[in-house]
Colleague: 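What follows is a structure written as structure tokens; I'll ask about it next.
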Amino acid sequence: LDTISLLDTVTERMGEDRHRNRLFYHDGYLHCVGYDNGVWPQPTARFWPYSSLRPLGFRYPPGKGVEFQGSLHLGVSKGCAWCSTPGDVARFTGDGWTDLGLGEEPGALYVWNDLLVAAADLPAQVQTWDGTAWTAMDAGLPAGTVPQVFQDYGGVLYCGLSDSASPANYLWRWNGALWETVPGAEVSGPITAMAEFNGELYFTGLFGTVGGIFMRRIAAWNGTSARKLGAGLESGVANALQVFGGNLIVGGDFGSAGPVVAQGLAGYDGSSWFALGDVLSTRSSSPEIEAFAVYNQRLIAAGDFTSVAGVDGSGVIAYDGATWSPLGSGVNPVGNSGPATIFDAVSAEGSLWLTGYILFAGCERSSDIARWTDAITGVPLPDVARMPLPPASPNPFRSATRLELALERPSHVQARVLDVRGRLVRTLIDGFITEGTLRITWDGRLDNGIAASPGVYFLDLSREGQRGSQRLVRLR
């Protein structure tokens with residue numbers, strides 16, 4: 001195999017600098033990857049035996065992303081080397097990507113009622129994917145308009161429109177048969193983000209009035225009427241809303257929130273605003289937060305910045321409810337390239353994913369997508385024989401998942417649920433069990449009865465010196 005010509009192929013298909021790609025042979029495959037000391041693992045291409053190139057990066061940046069049926073799904077443009085359509089929704093398979101045949105890059109992706117909802121500039125502006133086929137869901141929307149954000153509120157799906165066709169109203173909801181406007185919540189401009197918080201629907205964007213009442217760029221709707229949040233946002237706009245730690249977190253490039261001076265970042269407790277630290281940049285005149293995610297019980301903020309609240313973090317930073325901390329050297333770190341433009345931050349498959357104009361993940365080349373996985377800090381498992389487990393069902397699951405195992409004789413059994421960092425989430429069984437069929441059920445709750453966050457978990461089961469584990473995916 002000619003390594004140089006192989007590297008040329010990667011350079012052509014992925015737009016990579018050949019001197020930063022690393023080729024190695026492992027487990028029957030030739031891999032091309034980049035690593036920043038194992039902190040920001042960045043696969044860019046994988047060669048399967050004999051042929052079949054499966055790029056993991058992109059020629060042009062992917063857009064919005066969600067976790068659906070246990071897998072990461074991204075909106076991708078016509079620049080992806082493996083798409084069979086001009087643009088599409090791509091599902092990550094663990095070794096590559098599979099396009100779902102939408103036909104256009106979606107401007108918004110959302111999971112609602114076990115369906116993947118996508119909005120794109122197509123004859124049917126909104127379509128749903130059930131895992132097998134696309135179905136139109138656009139009845140009632142004004143022609144030429146495209147939603148750029150979705151949000152469930154009280155079991156009803158709402159959408160915020162972009163400025164593609166300058167509609168008279170930018171807030172719509174699905175009534176089960178068609179999209180309709182919301183009386184009393186006529187929004188005068190594009191909506192950029194939405195979230196449900198304290199029983200109300202919050203939305204933000206480039207608008208000045210809601211229901212004919214002056215509300216500066218952010219408002220709340222209780223199902224009957226809209227209300228303003230003090231003086232709203234000034235000197236800029238908000239790009240992202242996220243509920244975290246019992247508060248609504250707002251991120252963007254604004255200069256104040258209500259009476260609080262807040263550069264690009266603020267919190268709202270339901271009645272008043274508070275500051276969380278300024279978003280600053282040493283290499284951009286317009287620092288901003290572009291996306292939020294919650295990953296391993298931390299708030300993740302991503303965007304064009306070099307520090308938040310005085311803590312250095314190139315393009316991405318984490319907040320545990322008390323302090324901010326960087327994730328390695330971040331994306332597009334100072335000295336390697338210009339600032340990163342982040343399109344989305346997604347918690348999926350036990351990792352944090354960033355999409356956008358990302359040239360470097362840590363200090364290694366990237367192809368517009370970066371993946372961060374926390375180190376597993378759990379206690380190392382003892383050296384025991386591996387025990388195969390039958391598949392849990394359903395998996396992925398929403399309310400509960402079950403597994404049945406035959407016991408030939410009485411034995412001590414321990415069944416636990418662990419998170420991706422190896423921390424104990426729930427003890428299901430820990431005691432002596434008689435022979436027969438052992439039925440193990442996890443209802444998706446922690447030991448204290450609180451519902452576990454959607455994400456990836458592991459069932460860890462041990463008996464008679466044997467141990468087995470199985471990946472579980474809990475959906476929203």
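This chain uses plain numbering: 1 for the first residue, then up along the sequence.
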Colleague: Would you kindly say whether Asp320 and Gln297 are connected by a side-chain donor-acceptor distance under 3.5 Å?
Modeller: no
Colleague: Could you check if a side-chain atom of Ile317 sits within less than 4.5 angstrom of a side-chain atom of Phe305, using non-hydrogen atoms only?
Modeller: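 Answer yes - side chains close enough.
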Colleague: Take atom CD in Gln414; do more than 12 heavy atoms of anything else shown fall under 6.0 Å from it?
Modeller: yes
Colleague: For the side chain of Tyr457 and the backbone of Gly444, is there at least one donor-acceptor N/O pair under 3.5 Å apart?
Modeller: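 Such a contact is absent between Tyr457 side chain and Gly444 backbone.
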Colleague: Do Trp442 and Phe397 have ring centres separated by under 6.0 Å?
Modeller: yes
Colleague: Evaluate the ring planes of Tyr357 and Phe343, with Trp represented by its six-membered ring, and classify them as parallel (under 30°), tilted (30 to 60°) or perpendicular (over 60°).
Modeller: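 Because their plane-to-plane angle is over 60°, the rings of Tyr357 and Phe343 count as perpendicular.
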Colleague: Run Trp174 and Trp179 through ring-ring contact (aromatic ring centres under 6.0 Å, His included) and show every step you take.
Modeller: CA-CA 4 Å; Trp174 179 253; Trp179 293 95; 5.5 Å; yes
Colleague: Under the 3.5 angstrom rule, does the side chain of Gln148 hit a backbone N or O of Ile191 as a donor-acceptor pair?
Modeller: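 Judged by distance alone, yes, a pair lies under 3.5 Å.
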Colleague: According to the interplanar angle, ranging from 0 to 90°, do the rings of Phe68 and His73 count as parallel (below 30°), tilted (30 to 60°) or perpendicular (above 60°)?
Modeller: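 Phe68 and His73: perpendicular rings.
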Colleague: List in chain and number order the residues that pass ring pair (Phe, Tyr, Trp, His ring centres under 6.0 Å) with Phe244, two or more places apart in sequence or in another chain; answer none if no residue qualifies.
Modeller: none
Colleague: Assess the pair Tyr268 and Phe197: is the distance between their ring centroids shorter than 6.0 Å?
Modeller: no
Colleague: Taking Arg91 first and then Asp99, would you say they form a salt bridge - that is, a charged N and a carboxylate O separated by under 4.0 Å?
Modeller: no
Colleague: Ignoring hydrogens and angles, state whether a donor on the side chain of Ser314 or Asp312 is under 3.5 Å from an acceptor on the partner side chain.
Modeller: no
Colleague: With sequence neighbours left out, what residues match Asp130 under salt bridge (Lys or Arg N to Asp or Glu O under 4.0 Å)?
Modeller: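 Not a single residue meets the salt bridge (Lys or Arg N to Asp or Glu O under 4.0 Å) criterion with Asp130.
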Colleague: Checking Arg426 side chain against Arg445 main chain: does a donor-acceptor pair fall under 3.5 Å?
Modeller: yes
Colleague: At their closest point, which heavy atom of Leu389 faces which heavy atom of Ser469, and how far apart are they?
Modeller: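 Residues Leu389 and Ser469, closest heavy atoms: CD1-N, 3.8 Å.
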Colleague: Ring centres under 6.0 Å, that's the criterion: do Phe92 and Trp97 meet it?
Modeller: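 Yes, the ring centres sit under 6.0 Å apart.
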Colleague: Examine Phe432 together with His412 and report whether their ring centres are nearer than 6.0 Å.
Modeller: no
